[in-house]
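In listed order, ligands and their atoms are each counted from 1.
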Amino acid sequence: MYLKALVFFLLTWIATAAYHPPKKQAKSAKGFGSSVVFPVSGNVYPKGYYYVTISIGQPPKPYFLDIDTGSDLTWLQCDAPCKKCTPSPHSLYKPNKNLITCLDPLCASLHGPGDHNCPAPQEQCDYQIDYADHGSSLGVLVKDSFPLKFTNGSTVAPQLAFGCGYNQEVLDTAHLPYTDGVLGLGSGKSSILTQLSSMGLTRNVVGHCLSGQGGGFLFFGDDFLPNSGIVWKPILSQLKYYSLGPADLQFGGRATNIKGLPIVFDSGSTFTYFTSQAYEALVSLIKGDLNRKLKDAVEDKSLPVCWKGTKPFKSIRDAVSYFKPLVLSFTNAKNVQFHLQPESYLIVTEHGNVCLGILNGGEVGLGNFNVIGDISLQDKLVIYDNERQQVGWAPANCNRLPNMNRDYGEGFRLPYAADDGLLKEICPANFGFWSNR
Ligand SMILES: *[C@@H]1O[C@H](CO)[C@@H](O)[C@H](O)[C@H]1NC(C)=O
């Protein structure tokens, strides 16, 4: 699945444009200790997705969830019983009797203004999520316990609402993510991050660090923000999800005529998508610059545009010297730039060719939006701060957790050893995946 994000996005952004919810003051903000870290597994190629292991239920059972900052609702493939489920790594989640009713504000938040009917208050809350890649999940909202180990050492098991999905449609079965469900990390009411923050358990901040070598880490809360080096861009509050407004594209350090691209950050999308016009212009810039130093590899169907060298490329490192860096320079913010080294927009396929990981969003119906997906988010710490309504990024080594003493001063001590030791302590069940990735 190449693009599973941006739920309802294109359908409802117009409807929500005029609606400005009042900003709530978070109850939490307790300083250090109120964060949760998860090791991440997966990669851009060949898997096409990154996921975390989260334990849910009583007794808790582990599930693999695809990380998606382009949607709100977390859901699991569910034995309700399942009408249509895709192959999953764990057995289907069995719901308890703890249903969310249609009267719950969480339920209303998942429906458009016109399509929320709640004939009787005790009725269950049905949901349907339609993803931009034309996949979907249909099910009911349930509640169950999520045991989470916080960085202060406490384990808390709040009851959180999520979807029990018993009917999943997928278009591209060849690129099916082998997961039990999706972890929705948008800023909407139904997001588990929003639920945790309204319970006062953590700040409404989520961050990820996706390694180009595969794996990485994900966190809730703000314990893992370095003091310096982060570039921040305000979120456009009138749009849903993490929309950062227009940016101009630079190629090899020079301005181009590709300007004013509306940008959305979306970890649920494997690749990056540009609008048709920007895409065509970029492809011709890259081709012109390559000047036939690499031949077209039309026989490689991994992605729409591929090239081959005189001998097969063994890794991305062999190929990057043929390509120039790109920069997205945000137009309404001074000195706010997002850098894309060739590693952030190219893959080397199993056939040894190098392919462009920026795709034509017009062909998949993304309209006027440019979606920055996993490929371009790799090897960066990316923070979605819903408290301050901004998204930040900084170059990072995602193969290890941030060095806490360096970033927070000598006085700050976690009750664990850093890095793998910390992960082992926080997520013992996940440690196998972390070290084997
Ligand atoms: C640790 O943090 C959690 C989440 O904010 C909180 O519920 C818990 O009381 C804290 N524990 C300690 C010992 O401070």
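For the pair K233 and F265, the cation-pi test (distance below 6.0 Å, angle within 45°) is failed.
Pairs passing the disulfide bond (SG atoms under 2.5 Å apart) check and including a residue from residues 116-151, sequence neighbours excluded, read C102-C118, C107-C125.
Tested against H208, the residues F219, F217, W393, Y384 include a single ring pair (Phe, Tyr, Trp, His ring centres under 6.0 Å) partner, Y384.
We find the CZ-CZ distance between F220 and F38 to be 4.5 Å, quoted to the nearest 0.5 Å.
For a threshold of 3.5 Å applied to N or O pairs, the pair formed by G200 and ligand 1 contains no separation below that value.
Remark: distances from the non-hydrogen atoms of T202 to ligand 1 are all 4.0 Å or more.
For atom 3 (C) of ligand 1, the choice among T155, N152, L196 with the nearest heavy atom turns out to be N152.
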